[in-house]
> 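Structure in structure tokens, see below.
Keep in mind that this is a model prediction, so the values were computed, not measured. No hydrogens, no waters, no symmetry mates; every other heavy atom, side chains included, goes into these values.
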Amino acid sequence: MSLETESVGNGSADDGEIVAAIDEADGRPQLVIADIARDDVWLSISERDAVSLETWR
């Protein structure tokens with residue numbers, strides 16, 4: 001997983017800290033979004049299928 005993560009929220013450890021990163025799984029890039037304040041709280045989607053933030057606004 002990429003070490004370059006970026007917080008997408010203003011949460012604390014009590015209410016979570018959400019980060020996103022691009023990771024590679026099975027040779028394909030994946031967008032991974034995770035709450036790093038809790039174990040096993042994450043999701044991923046193919047980077048190709050993810051909507052860019054500029055497009056989403």
> With sequence neighbours left out, what residues match Asp39 under side chain to side chain contact (heavy atoms under 4.5 Å, CB included)?
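Side chain to side chain contact (heavy atoms under 4.5 Å, CB included) check on Asp39 returns nothing, list empty.
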> Do you reckon Leu31 sits in the same ILVMFWY cluster as Leu43, going by side-chain contacts under 4.5 Å, direct or chained?
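Linked within one cluster.
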> What I'd like to find out is whether the side chain of Gln30 reaches to under 4.5 Å of the side chain of Ser46, using heavy atoms alone.
yes
> Working to the nearest 0.5 Å, report the span between CD of Glu47 and CZ of Arg28.
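Taking CD in Glu47 and CZ in Arg28, the distance rounds to 12.5 Å.
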> Same hydrophobic cluster for Ile18 and Val41, using side-chain heavy-atom links shorter than 4.5 Å among ILVMFWY?
no
